Amino acid sequence: MALLELRNVSKIYRLGGEEIRALDDVSLDIDEGQFISIIGPSGSGKSTLMHILGCLDTPSTGTIRLDGMMIQDASSRQLAQIRNRKIGFVFQFFNLLPKLNVLQNVELPMIYSGIPARQRREQAMAALRMVEMENRAKHRPSQLSGGQQQRTAIARALVNDPKIVFADEPTGNLDSHTGELILQMFSRLSREGRTIILVTHDPEIAAVTPRRIEIRDGRVAHQLDPTLAGLNRFPTAVS
Amino acid sequence: MHLLNAILIGVKDIWGHKFRSLLTMLGIILGVASLVGMTAIVKGMENGLKEAMIAMGGADKVLIRDQPVPSHQEHLAEEAPGRTMVDVLALRESAPLISLVSPEMSLNRVTITRGDKSVNPSECVGVWPAVLDMNLHTLAHGRFFTDLDEENASSVCVIGTGIRDELFGAPDKTGTPIIPIGEVIQIQGQPFTIVGMFQHYESEQERREREFRQSQPLQEQTGPRRQRGWGRRGGWAFWRKNYTVYLPLNTMWIKFRSAGGTDNIPDPRLTDIDIKVADIEQMEAALQQARNILMTTHRGIEDFNFQTQENQLENINRQIRNARLSGGLIAAISLIVGGIGIMNIMFASINERIREIGICKAVGATGTGIFVQVLMESIVVSLLGAALGLVVSFGFVQLLSSISPTQNAPVITHTAMIVAVIFSVAVGLVAGLFPALKAARLDPIEALRYE
Ligand SMILES: Nc1ncnc2c1ncn2[C@@H]1O[C@H](COP(=O)(O)OP(=O)(O)O)[C@@H](O)[C@H]1O
Ligand SMILES: [Mg+2]
């Protein structure tokens, strides 16, 4: 059974009288341990897909199963708890809390899962070691470079040992060298067995991941899936 | 989400905006300070008045007072007899429910001299020995008037310690208390022999202060000498008792009244008739009895009424209630204004942090968690305001008793403090409710996208 199963998922926004199909009948399986990029031009529906995969949002129609649990009809409270335990996010603009230091930022998800302070500290330090940020623990985000901020954000995404890590344009706000280092970090995490989904508009970045899902106009336009090599080299969905 | 964390985050945010938070708390600070301060003042007043009441006589004491004749008897006004010894004798003979009758005939604008020293007593009254029980006087030295004094209209008097202080010197200055029994003083120029002196009357607070002073080694007086005795915590009642001069009633009548009245017509009217009821449970019946007797002696003209201590207590209580009410009103208005301020600032702080709230939600904060967090912040603001308000009220009370020590010392009560804090928390809770709801309902995706 796949870790994440999307079946005929659509997301429809209504603006005035107009209907926008941000996602249109998308079906996907994502297995544990995969390193995937979701690519496509701006406005194609990548972020919408990530929000639904990442339990920030629910689909208008269709079903989604995460780790054996159907969640298309989950309440916002249940979604929050699922995000807390099973999902980590890394954003383009880092999204660290400016008033908290690095350690406190990394501890944040554990505060919401009610982990006692000492264990929080230990786990947060462990996560910071994974991204080599342990000697910046007391710094404020404003005292860090972009790359350091993004590494802090990655540590925060990993700290609750999630099933999947989502990264929405994680290098979009970094210079190319730093971006490269961040991508290497994701590759390393992937080799260590993490399930990681990169959202990007940049084919060069997407080239880092073995599996690529291309979105156009809310549909899966093309998939490259090395696990199905030879069988599935051709577009699975044609509009 | 843990409350402690929410509180910590709240405190951090407040600390981050010290000045803004202080302004926000101003309403709460004022509210709490006025609530606690006003209650303290009222409590001080209450203590003073109650103490004064007790000093002036118990609840079984009733004053018979003059009143203008009622309108339907207007044509008889000329014949209104006023309160005289006839009433006193009648009450004493035929009112079994009344245990004590004390007539008083006082002399106004009295000057007492001894050598080159003089004093104006608070009252100079001709009395029966019944006055001791009536006005709760305790004779410390000498004796009170005898029947013989009364019959002979002897030139004797009993004085309070204040009169002694003025004419013979206060123990503070002389070192040892002077007991002037047997000394002669001039009342309105006529010689009187002092046969007795009352004890020194003082309030609890004065007694403590005096004992403290006495336990200290004698110190040089620094700064202006503060007036003692007068004022402070019902001190008026004690001052009045200490500056009393009593003569036998008959002496007063013969020496000062029978000849000295207006146009040299003797004035037999008494200044006061105080009575004590035998049983306070039968107050109503006793008053009815006294009324019936007086209606006879006054030939049906109702030129008198009764003032019970209970009436007076009621008056005092009404005044206290009014003072409380107005204090409470001020406090309530300040607290409401403070609440609006907090609500305003909470909305502002949420708008500033929409993106941060989005981040918290993305990493797993539930709506409830955010709700509690914002509410906690609001309560922390109001609690800090309440704490500052308490500090201010303590300072205020200190200031008050240092700039005007003659007032009744305000007393800060635990109840007032607890009530003030509870109200502040309630205000913080209500003020935080809508901002907290707004924050809790934010959509994480939109909040994250918010610039
Ligand atoms: N909250 C929304 N309301 C209306 N339309 C939206 C909303 N979110 C996204 N869309 C629309 O859905 C489409 C896909 O958006 P998005 O998933 O953000 O694209 P991408 O991330 O690939 O740039 C766009 O046309 C966008 O305008
Ligand atoms: Mg996007």
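Since the structure is predicted, the reported quantities are computational estimates derived from the model, not experimental observations. Note on naming: letters A, B, ... go to the chains in the order of the sequence lines (proteins, then strands), and numbering restarts at 1 for each one.
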Open item on the list: Please find the pair of heavy atoms, one from A:G147 and one from A:I182, that lie closest to each other, and give the distance.
Closed with: O-CD1, 4.0 Å

TODO: Check whether more than 12 heavy atoms from other residues, nucleotides or ligands sit under 6.0 Å from atom CZ of B:F371, and answer yes or no.
DONE: yes

Task: Validation row, ring centre A:F91 to ring centre A:F89 under 6.0 Å - done: yes

Task: Contacting moiety of A:Q78, where chain B heavy atoms sit under 4.5 Å - done: neither

- [ ] Let me know if A:I87 has heavy atoms under 4.5 Å from chain B in its side chain, its backbone, both or neither.
- [x] neither

Task: When B:A362, B:G367, B:P444 are compared by non-hydrogen pairs under 4.5 Å with chain A, the top option - done: B:A362

Task: Interface moiety of A:R156 toward chain B, non-hydrogen atoms closer than 4.5 Å - done: side chain

- [ ] Before giving the answer on salt bridge (Lys or Arg N to Asp or Glu O under 4.0 Å), spell out for A:R14 and A:E18 the whole-Å C-alpha distance, their side-chain angles and the decisive distance to 0.1 Å.
- [x] CA-CA 6 Å; A:R14 290 198 172 78; A:E18 209 183 342; over 6 Å; no

